[in-house]
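So the structure is just underneath, and the comments pick up after that.
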Amino acid sequence: WKSESDILKGLTAAYAGLQPTIEWAQPFERYIVIDNYRSDELDYRPDVTAWMELAMYNNESTNYVPNDEWTNLYTSINYCNQCLDNIPNVPDNDDEGIKQTKATSIAEARFLRAFYYYRLFINFGERLPMFEHELEGTEEEFYPPQVEAGRLKTFIETELSECQANLPEKWNTNMAGRVTKYTAAALLGKYYMFIGEKAKAKTEFWKVIDSHRYELMENYGDNFNGLHENNKESILEVQFTGSLEGGHYEYNLFTLHLGPDSGCGAYEEAYPSKWLFNTLKKDTEDGEYSDRLYETIIFDDPKSRPFYYEDGKGFSDYHQEDNIYWRKYVTYDKSLGDYWDYSGFNIPLIRYADILLLYAECLNDEGNSKEAIKYINKVRDRVHVTPLSDTLSKEQVLKHLQDVERPCELALEGSRWYDLIRWGIVEDALKSHEKPFASNFISTKHIRLAIPHKEFLMNPDWVQNEGYTK
């Protein structure tokens with residue numbers, strides 16, 4: 001690596017791991033199938049066997065979806081390690097600009113590597129191999145040990161903490177999508193929430209809030225329609241352009257997989273659960289449905305009008321009575337590309353609304369429920385639902401966050417499943433909300449994915465996650 005151009009090329013490859021290879025809809029499989037199919041927010045159409053197995057809690061170590069995720073994450077980690085091993089060797093010629101570029105790029109690579117390890121951790125647990133340098137094809141690299149308990153957790157915490165010092169507070173518009181110190185603080189806070197360290201999480205979330213760089217978008221739906229990407233509410237999102245030029249695949253196929261068959265011509269692979277729909281319908285203001293409901297679900301209502309409705313036509317012209325479909329991520333505008341099915345909109349991974357609700361949860365955990373309710377009501381005010389009373393108890397506020405606020409605000413955004421795990425209520429939620437095949441769920445097994453079978457062919461002495469066979 002000899003120049004700033006080489007740094008940018010390497011860093012581009014590291015960022016590319018956020019949008020895994022487009023081969024058969026892998027962005028959809030990561031951010032929808034893995035992150036949402038197991039939760040009580042989503043029902044599925046019987047189609048792709050590997051997706052069904054995850055939703056039915058019948059998945060084993062040969063399921064290709066977790067296997068591909070494992071491979072994509074470790075590939076991305078290696079790209080980050082290439083950056084971290086080689087960027088320091090780029091000559092700076094005593095140029096302060098190049099020195100700053102190197103420091104910032106190293107911090108970005110550290111963040112991205114931590115993000116990929118974070119995804120491995122929340123899905124596969126701690127019994128993982130770790131690589132901190134680029135692979136060179138040595139014999140030892142084929143037979144890595146599983147790290148001891150605690151090492152991966154400490155690594156993620158250290159990386160996300162230390163990289164903040166060299167990340168910028170913001171980027172110019174032409175660099176939108178690159179991570180900042182507040183992106184790192186937000187992810188570190190979410191990591192702390194997952195492992196139950198709310199006091200530490202609160203400190204990280206306050207960094208984001210106190211920066212005054214983020215606000216809620218006035219229109220909830222503008223976070224998902226592709227017309228307001230990298231907006232003032234966005235802390236981290238996966239970048240897509242919709243471009244098909246030069247053999248590029250800058251699209252995500254979310255609309256194609258989530259949209260209805262009738263009227264839209266999409267695959268209709270998944271639906272909102274009846275529990276989520278009913279919860280959104282109950283969360284109103286003066287009897288009026290919320291912006292969240294209209295922007296999350298397509299249903300039989302005059303105000304529910306997805307992009308494929310023709311003028312003068314409504315729900316009954318396209319769909320059967322009582323059917324419901326996803327509206328979030330089912331969108332198209334001609335400015336985003338020539339084809340509705342090659343979606344060019346970005347995928348939000350961390351929004352400011354999420355941080356406000358998590359900060360409220362931390363306040364409530366400390367017993368400061370009145371202050372917590374203020375932050376929750378900021379999120380509720382934006383979508384026009386009745387504010388919470390500040391007389392709610394600590395237990396009532398937590399219950400509201402668990403059963404209403406977070407599932408309604410963040411539906412289909414990959415938060416619900418991991419929220420249920422960290423709250424320790426997965427089994428109760430699946431059964432009480434009538435998730436199909438909830439009776440198959442075994443808490444000691446299904447809160448994690450199986451380490452892929454192929455890994456044990458090379459490393460038969462590795463320990464598999466509980467409940468799974470090698």
Could you list all the salt bridge (Lys or Arg N to Asp or Glu O under 4.0 Å) pairs where at least one residue sits in residues 182-198, not counting sequence neighbours?
Lys190-Asp354, Glu197-Lys200

Modelled atom types, side-chain donor and acceptor of Ser161 and Thr158, under 3.5 Å
no

Does either side chain, that of Thr101 or that of Glu4, offer a donor lying less than 3.5 Å from an acceptor on the other one?
yes

Taking it one step at a time, do Glu169 and Arg213 satisfy side chain to side chain contact (heavy atoms under 4.5 Å, CB included)?
CA-CA 9 Å; Glu169 295 200 356; Arg213 292 192 176 276; 2.9 Å; yes

Among side-chain atoms of Glu250 and Tyr342, is any donor-acceptor pair under 3.5 angstrom?
no

For residues Tyr64 and Glu29, is any side-chain donor paired with an opposing acceptor at under 3.5 Å?
yes

Pairwise side-chain contact, Arg292 with Lys328, heavy-atom cut-off 4.5 Å (strictly under)
no

Mind checking whether Phe155 and Tyr117 have ring centres under 6.0 Å apart?
yes

Hey, is Glu361 close enough to Arg422 for a salt bridge, meaning N to O under 4.0 Å?
yes

Below 4.5 Å, heavy atoms only, C-beta onward: do Phe142 and Asn459 meet side chain to side chain?
no

Output yes when Glu466 and Arg448 qualify as a salt bridge under the 4.0 Å nitrogen-oxygen rule, no when they do not.
no

Paired with Glu53, the side chain to side chain donor-acceptor pair (under 3.5 Å) test is passed by just one of Asn59, Asn58, Asn63, namely Asn63

Inspect the contact between Arg351 and Glu237 and indicate whether a charged nitrogen and a carboxylate oxygen are less than 4.0 angstrom apart.
no

For the CG atom on Asn172, are there more than 12 heavy atoms of other groups (residues, nucleotides or ligands in this structure) within a distance under 6.0 Å?
no

Taking the ring centre of each residue, are Tyr251 and Phe240 less than 6.0 Å apart?
no

So how far is it from Asn86 CG to Asp6 CG, rounded to the nearest 0.5 Å?
9.0 Å

CD of Glu148: more than 12 outside heavy atoms within 6.0 angstrom?
yes

Within 6.0 Å of OH in Tyr339, more than 12 heavy atoms from elsewhere:
no

Could you go through the salt bridge (charged side-chain N to carboxylate O under 4.0 Å, His left out) check for Asp419 and Arg406 one step at a time?
CA-CA 9 Å; Asp419 279 347; Arg406 288 190 62 78; 2.7 Å; yes

Would one find more than 12 heavy atoms of other residues, nucleotides or ligands at under 6.0 Å from atom OH of Tyr79?
no

Please report the C-alpha distance between Asp341 and Tyr332 in whole Å, then the side-chain angles of each, then the deciding distance to 0.1 Å, and finally whether the side chain to side chain donor-acceptor pair (under 3.5 Å) criterion is met.
CA-CA 8 Å; Asp341 47 345; Tyr332 173 66; over 6 Å; no

Are Ile209 and Tyr214 close enough that some pair of their side-chain heavy atoms sits under 4.5 Å apart?
no

How about Thr183 and Leu167: do any of their side-chain heavy atoms sit closer than 4.5 Å?
no

If you define the side chain from C-beta out and look only at heavy atoms, does anything of Gln146 sit under 4.5 Å from Leu128?
no

Tell me, do Trp1 and Asn89 make a side-chain contact under 4.5 Å, heavy atoms counted?
no

Between Lys454 and Thr71, a side-chain donor and acceptor under 3.5 Å:
yes

Kindly determine whether Glu159 and Arg110 satisfy salt bridge (charged side-chain N to carboxylate O under 4.0 Å, His left out), including the steps that lead there.
CA-CA 6 Å; Glu159 292 296 283; Arg110 291 182 73 181; 2.8 Å; yes

Do we see a donor-acceptor contact under 3.5 Å between the side chains of Asn81 and Arg113?
yes

Looking at Arg30 and Asp35, is there a salt bridge between them, counting it only when a charged N and a carboxylate O are closer than 4.0 Å?
no

How long is the straight-line distance from CD of Gln239 back to OG1 of Thr241, given to the nearest 0.5 Å?
10.0 Å

Could you check whether Trp51 and His257 have their ring centres less than 6.0 Å apart?
yes

Among side-chain atoms of Asn72 and Tyr116, is any donor-acceptor pair under 3.5 angstrom?
no

Plane angle bin for Phe441 and His446 - parallel if under 30°, tilted between 30 and 60°, otherwise perpendicular:
tilted

Nearest-0.5 Å distance that lies between atom OH in Tyr44 and atom OH in Tyr37:
9.5 Å

Salt-bridge present (Arg119, Glu69; N to O < 4.0 Å)
yes

Calculate, to the nearest 0.5 Å, the distance between atoms CG and CZ belonging to Asn225 and Arg327 respectively.
9.0 Å

Checking Asn252 against Tyr329: is there a side-chain donor and acceptor pair closer than 3.5 Å?
no

Salt-bridge present (Glu366, Lys202; N to O < 4.0 Å):
yes

If you define the side chain from C-beta out and look only at heavy atoms, does anything of His133 sit under 4.5 Å from Gln82?
no

Indicate yes or no: does Lys232 engage Glu218 in a salt bridge with an N to O separation below 4.0 Å.
yes

Under 3.5 Å, which donor-acceptor pairs link side chains of residues 9-16 to any protein atom two or more places apart or in another chain?
{"unit_1": "Thr12", "atom_1": "OG1", "unit_2": "Leu8", "atom_2": "O", "d": "2.7"}
{"unit_1": "Tyr15", "atom_1": "OH", "unit_2": "Glu108", "atom_2": "OE1", "d": "2.5"}
{"unit_1": "Tyr15", "atom_1": "OH", "unit_2": "Val179", "atom_2": "N", "d": "3.0"}

Apply side chain to side chain donor-acceptor pair (under 3.5 Å) to Gln164 and Glu204, showing your working.
CA-CA 11 Å; Gln164 293 179 38; Glu204 298 304 315; 3.1 Å; yes

Show your reasoning for whether side chain to side chain contact (heavy atoms under 4.5 Å, CB included) applies to Lys435 and Tyr57.
CA-CA 11 Å; Lys435 172 78 170 179; Tyr57 316 107; 3.4 Å; yes

Residues forming a side-chain hydrogen bond (donor to acceptor under 3.5 Å, both in side chains) with Asp68, sequence neighbours excluded:
Gln26

Is the distance between the ring centroids of Tyr220 and Phe224 less than 6.0 Å?
yes

Test item: Ser273 and Leu42 side chains (from C-beta on) under 4.5 Å apart, heavy atoms
no

If the plane angle is over 60° it's perpendicular, under 30° parallel, otherwise tilted; pick one for Tyr118 and Phe115.
tilted

Quiz question: by atom type and distance under 3.5 Å, do the side chains of Asn223 and Glu233 form a donor-acceptor pair?
yes

Would you call the rings of Trp462 and Trp70 parallel, tilted or perpendicular, taking 30° and 60° as the class edges?
tilted

Could you tell me how the ring of Tyr325 sits relative to the ring of Tyr271: parallel (under 30°), tilted (30 to 60°) or perpendicular (over 60°)?
tilted

Assess, by modelled atom type and distance only, whether the side chains of Glu134 and Asn78 contain a donor and an acceptor separated by less than 3.5 Å.
no

Any side-chain to backbone donor/acceptor pair from Glu41 onto Leu412? Under 3.5 Å, distance only.
yes

Pairwise distance CD1(Ile195) to CD1(Ile122) - rounded to 0.5 angstrom:
12.5 Å

Are Trp326 and Phe254 near enough that their ring centres are under 6.0 Å apart?
no

Kindly say whether the aromatic ring centers of Tyr359 and Trp206 come within a distance under 6.0 Å.
yes

